[in-house]
Amino acid sequence: MTMVGWFSKMVVATTVRMPKWFVRWVSRRYVAGASLDDAVAVMKRLTHEGACFTIDVLGEEISSMDEAQFFLEEYIRVMEAIKTHQLDANLSIKPTAFGLLIDPEQGMANIRRLVKLAAEEDMFVRLDMEDHRVTTDTIDVVVALHEEGLTNVGTVLQGRLFRTLGDIDALETTLGPAADYRICKGIYLEPEEISFTGYRDIVDATNAAVDRMLDAGAYVGIASHDQPVIDYALSALSSHGMGPGVDDPRSNAAPARHHKGPGYEFQMLLGVRGPLRRRLLSEGHRTRVYIPYGEKWYEYSIRRLKENPTIGTQVAKAFLLPWTNRP
Ligand code: FDA
């Protein structure tokens, strides 16, 4: 076993016993900080590179609607900060943090309230995709809001799920060119009855979803740090005539909206593959950084590590081979 492999196993095995300072040290790179001010400071710094942002208030699955109220209010503060500091940023929210699982009606009302307020500022809201228990509900929220005239909202689809291509086709019918996606592999290790589990299958399925979204005329946020996904997306974009500095030539596409460019963008997590992101930026691609912040940085870091042990490898690499994955 390689040194990185051994260290990665150790990181996962000792997660719950890790001293808080070590988790903080590791997460400092991936989490902007505990407060909104920390997130604003990071975005101001990265704005000089030409990046744009999506902001995530960290939280665990909630157990009471009071907590949902906290998230709603915090995101309203985030919107104010985006305006005050004139940041090129939008919002990423977790539907369960707004109450979708414990009180679906109130959860929907909370999300609607935020999306409505965002619409008044022409700001976009992305519904992050959580595990398969809420895939359908999350998509349904987006469709319902569009039907109410709130089109500044879109969802995430996960390449690893078998259902994803079908979801894109269904959303093409209901939303047409107003569909606005983030496509990623999917962080949750889903059962093999409903998802691909092998690396190559997940990459191929994610790439197929990129194609299907581009064909449908949708706005596509390609969220990956993986070279085969990025290379595939670049060639799919070029075969659709899309790329830096050109208007979206797809006859079925909507005009650029909500302060985004034409048709697509790349998205990466804060602290991951900075050099690759900066290369895409220097080639003229719109590149958005996902900025998580919040008091729950510790719980978030531990949960992510337990949910998907491959992150142990990233931590090990960051620790032992920092030059392979600079922020
Ligand atoms: P892969 O995991 O193969 O990584 C490629 C390389 O990138 C690694 O070798 C490593 O060097 C680096 N790397 C990747 N992840 C890293 C990390 N966390 N820390 C350090 N280095 C890392 N998932 C989901 O289910 N729902 C969602 O809503 C979202 N939202 C989302 C937004 C954005 C902007 C991104 C980039 C990702 C997500 N994801 C997500 C997570 C996504 O589904 C996926 O789990 C991760 O991006 C890892 O997959 P990659 O395609 O990056 O490849």
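Both ligands and their constituent atoms are indexed starting at 1 by order of listing. Index from 1, following the sequence. The basis for the numbers below is simple: all heavy atoms, side chains too, and nothing from hydrogens, waters or symmetry mates.
Smallest separation of non-hydrogen atoms from I55 and A89: CD1-CB, 4.2 Å. In terms of heavy-atom proximity, Y181 sits nearest to E172 at OH-N, 4.5 Å.
Between the side chains of Y219 and E265, at least one donor N or O sits under 3.5 Å from an acceptor N or O. D128 and Y290 share a donor-acceptor pair across their side chains, judged by distance under 3.5 Å alone. Side-chain atoms of D56 and S92 include no donor-acceptor pair closer than 3.5 Å.
Each of the atoms 28 (O) of ligand 1 lies under 4.0 Å from some heavy atom of D128. Residue contact check: Y30 has heavy atoms under 4.0 Å from atoms 19 (N), 20 (C) of ligand 1. Taking every heavy atom of Y188 and a limit of under 4.0 angstrom, the matching atoms of ligand 1 come to 25 (O). If you number the atoms of ligand 1 from 1 as listed, the ones under 4.0 Å from a heavy atom of V156 come out as 27 (C), 28 (O).
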Below 3.5 Å, can you tabulate the donor-acceptor pairs from side chains in residues 104-111 to any protein atom, sequence neighbours excluded?
unit_1	atom_1	unit_2	atom_2	d
Q106	NE2	N110	OD1	3.1
N110	ND2	F98	O	3.0

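Residue Q158 has at least one N or O atom closer than 3.5 Å to an N or O atom of ligand 1. Residue K185 has at least one nitrogen or oxygen atom sitting less than 3.5 Å from a nitrogen or oxygen atom of ligand 1, judged on distance alone. Some N or O of I187 is nearer than 3.5 Å to an N or O of ligand 1, by distance alone. Checking only distances, M129 does come within under 3.5 Å of ligand 1, N or O to N or O. Remark: ligand 1 and S224 share an N or O pair separated by less than 3.5 Å (distance only, no angle test).
Residues forming a salt bridge (charged side-chain N to carboxylate O under 4.0 Å, His left out) with E283 (at least two apart in sequence, or on another chain): R279.
With a 4.0 Å heavy-atom cut-off, ligand 1 is reached by no atom of R288. Contacts between M268 and ligand 1, counted as non-hydrogen atom pairs separated by less than 4.0 Å, involve the backbone only.
Here the straight-line distance linking atom CD1 of I194 with atom OG1 of T135 works out to 7.0 Å at 0.5 Å rounding.
Nearest to atom 11 (O) of ligand 1 by heavy-atom distance, out of H225, E130, R273, is R273.
The shell of residues lying under 4.0 angstrom from ligand 1, judged by heavy atoms, includes V272.
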Worksheet item: Going through the distances and angles, do Y232 and Q227 end up as a side-chain hydrogen bond (donor to acceptor under 3.5 Å, both in side chains)?
Response: CA-CA 8 Å; Y232 188 90; Q227 203 66 56; over 6 Å; no
